Student: 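Before I ask anything, let me first share the structure, which is written out below as structure tokens.
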There are 2 protein chains.
Amino acid sequence: MTVIFSKKCEYGLQAVLYLSTKEEDTVISAEEIAKKLSIPKEFVSKILQSLTEYGIVYSRKGKSGGFALAKNPNKIKLIDIVAAIDGLGVFNGCVLGFPNCSPDYPCPVHDKWGTLRTMAYDMLTGQTLDQFKNRTINKINNP
Amino acid sequence: MTVIFSKKCEYGLQAVLYLSTKEEDTVISAEEIAKKLSIPKEFVSKILQSLTEYGIVYSRKGKSGGFALAKNPNKIKLIDIVAAIDGLGVFNGCVLGFPNCSPDYPCPVHDKWGTLRTMAYDMLTGQTLDQFKNRTINKINNP
DNA sequence: AATTAATCAGATATGTTTGTCTGATTAAAA
DNA sequence: TTTTAATCAGACAAACATATCTGATTAATT
């Protein structure tokens with residue numbers, strides 16, 4: 001295995017990034033998102049539904065309904081999606097799985113992993129979705 | 001979720017680290033390893049069995065049998081265990097799950113993740129088990 | 001030679017993640 | 001007002017990860 005984020009979380013991140021490239025207040029159907037990202041439609045739909053409960057995504061029912069971001073992309077960070085879907089467990093536990101890994105009882109790679117973890121956290125908190133816009137568009141429109 | 005290594009891999013890393021603290025050529029029973037590390041005995045046994053196929057662990061059957069490292073701890077790196085159990089997939093794929101993530105078609109965090117990934121790889125390749133010995137002993141003998 | 005204590009192999013069980021299906025509800029458009 | 005196309009809720013299914021069980025094999029000890 002060896003996974004950083006669950007599939008659910010990966011899809012959630014991709015979908016939210018996709019929504020951040022759209023005009024504010026235009027809802028996008030799960031079908032369009034699924035097609036653009038090559039994700040099962042029902043699955044991405046469920047994921048976005050759950051993100052509405054966290055105030056990240058807005059949804060409109062009925063014909064020509066769909067999903068949009070619930071707030072301005074400059075108010076959303078990648079960590080918000082990760083926290084909502086996978087939780088922040090990785091930023092606590094020991095990378096080798098030792099119990100009670102701490103400064104007092106460190107595992108052999110405790111310090112190095114600590115540094116890495118901080119950098120990873122920073123990668124997810126340092127920028128907001130709007131700052132990724134160009135890169136996101138470029139990625140999603142390409143193989 | 002959000003996992004770096006599978007349970008299998010975590011247990012494998014712990015077990016191999018434990019074995020590296022023992023005198024060369026003394027075999028340790030799965031039961032002792034399981035107790036010391038609070039891991040299900042049958043599970044750690046299976047994991048070590050599979051590591052014998054990779055030439056990392058040596059096993060001796062029969063009464064007073066058990067497991068030992070198949071080579072000197074200064075010849076074994078953490079990455080060897082990871083490669084054997086989880087594979088090196090994390091060091092290839094896109095952290096956000098985008099397909100074909102590459103320098104030409106980078107995802108929004110491509111560069112930052114690349115740096116992190118290199119550091120993680122270095123953490124697993126930069127030292128050999130013997131260099132962890134003191135820290136491993138200290139960790140395993142404590143809560 | 002019999003007993004004992006270990007690995008080993010393979011089947012089975014349990015749990016979680018991932019993915020699909022069905023029908024209810026909602027609201028725009030005809 | 002009917003049709004249509006979407007979310008939504010909940011059940012279901014398939015795949016995989018985790019864990020346990022059973023019995024065979026092995027080899028030291030009695």
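If you're wondering where the values come from, they're calculated on a predicted model, not measured in any experiment. Worth knowing before you read on, the calculation uses all heavy atoms, side chains too, and leaves out hydrogens, waters and symmetry mates. Below, read A as the first sequence line, B as the second, and so on, with proteins coming before strands; counting in each chain starts at 1.
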Student: Name the residue closer to the 5' end of DNA chain C, choosing between A:Gly62 and A:Lys8 according to the nucleotide with the nearest heavy atom.
Tutor: A:Lys8
Student: Which residues in residues 36-60 of chain A have a heavy atom closer than 4.0 Å to any atom of DNA chain D?
Tutor: A:Lys46, A:Gln49, A:Ser59, A:Arg60
Student: Starting at CD of B:Glu31 and ending at C1' of C:dA6, how long is that distance when rounded to a whole Å?
Tutor: 10 Å
Student: By ring pair (Phe, Tyr, Trp, His ring centres under 6.0 Å), which residues pair with B:Phe43, not counting sequence neighbours?
Tutor: B:Tyr11
Student: Which heavy atom of A:Trp113 sits nearest a heavy atom of B:Met123, and at what distance?
Tutor: N-SD, 3.9 Å
Student: Quick one: closest heavy-atom pair of A:Val44 and A:Ala15, and the distance?
Tutor: CG2-CB, 4.0 Å
Student: Return the minimal non-hydrogen interatomic distance between B:Val57 and B:Ala70, and the atom names on each side.
Tutor: C-CB, 3.6 Å
Student: If the cut-off is 4.0 Å, is A:Tyr11 near the phosphate of C:dG19, judged by side-chain N/O to OP1 or OP2?
Tutor: yes
Student: Just how far, in rounded Å, is P of C:dT7 from NZ of B:Lys63?
Tutor: 14 Å
Student: Would you indicate which nucleotide in C:dG19, C:dA28, D:dA19 comes nearest to any side-chain atom of A:Lys7?
Tutor: C:dG19
Student: Using atom CD1 of B:Ile33 as one end and atom C1' of C:dA6 as the other, report the distance to the nearest whole Å.
Tutor: 12 Å
Student: Compute whether any side-chain donor of one residue and acceptor of the other, for B:Glu42 and B:Ser45, lie under 3.5 angstrom apart.
Tutor: no
Student: Take the protein atom CD1 of A:Ile28 and the nucleotide atom P of D:dT7, then report the distance between them rounded to whole Å.
Tutor: 11 Å
Student: List in chain and number order the residues that pass ring pair (Phe, Tyr, Trp, His ring centres under 6.0 Å) with A:Tyr121, two or more places apart in sequence or in another chain; answer none if no residue qualifies.
Tutor: A:Phe91
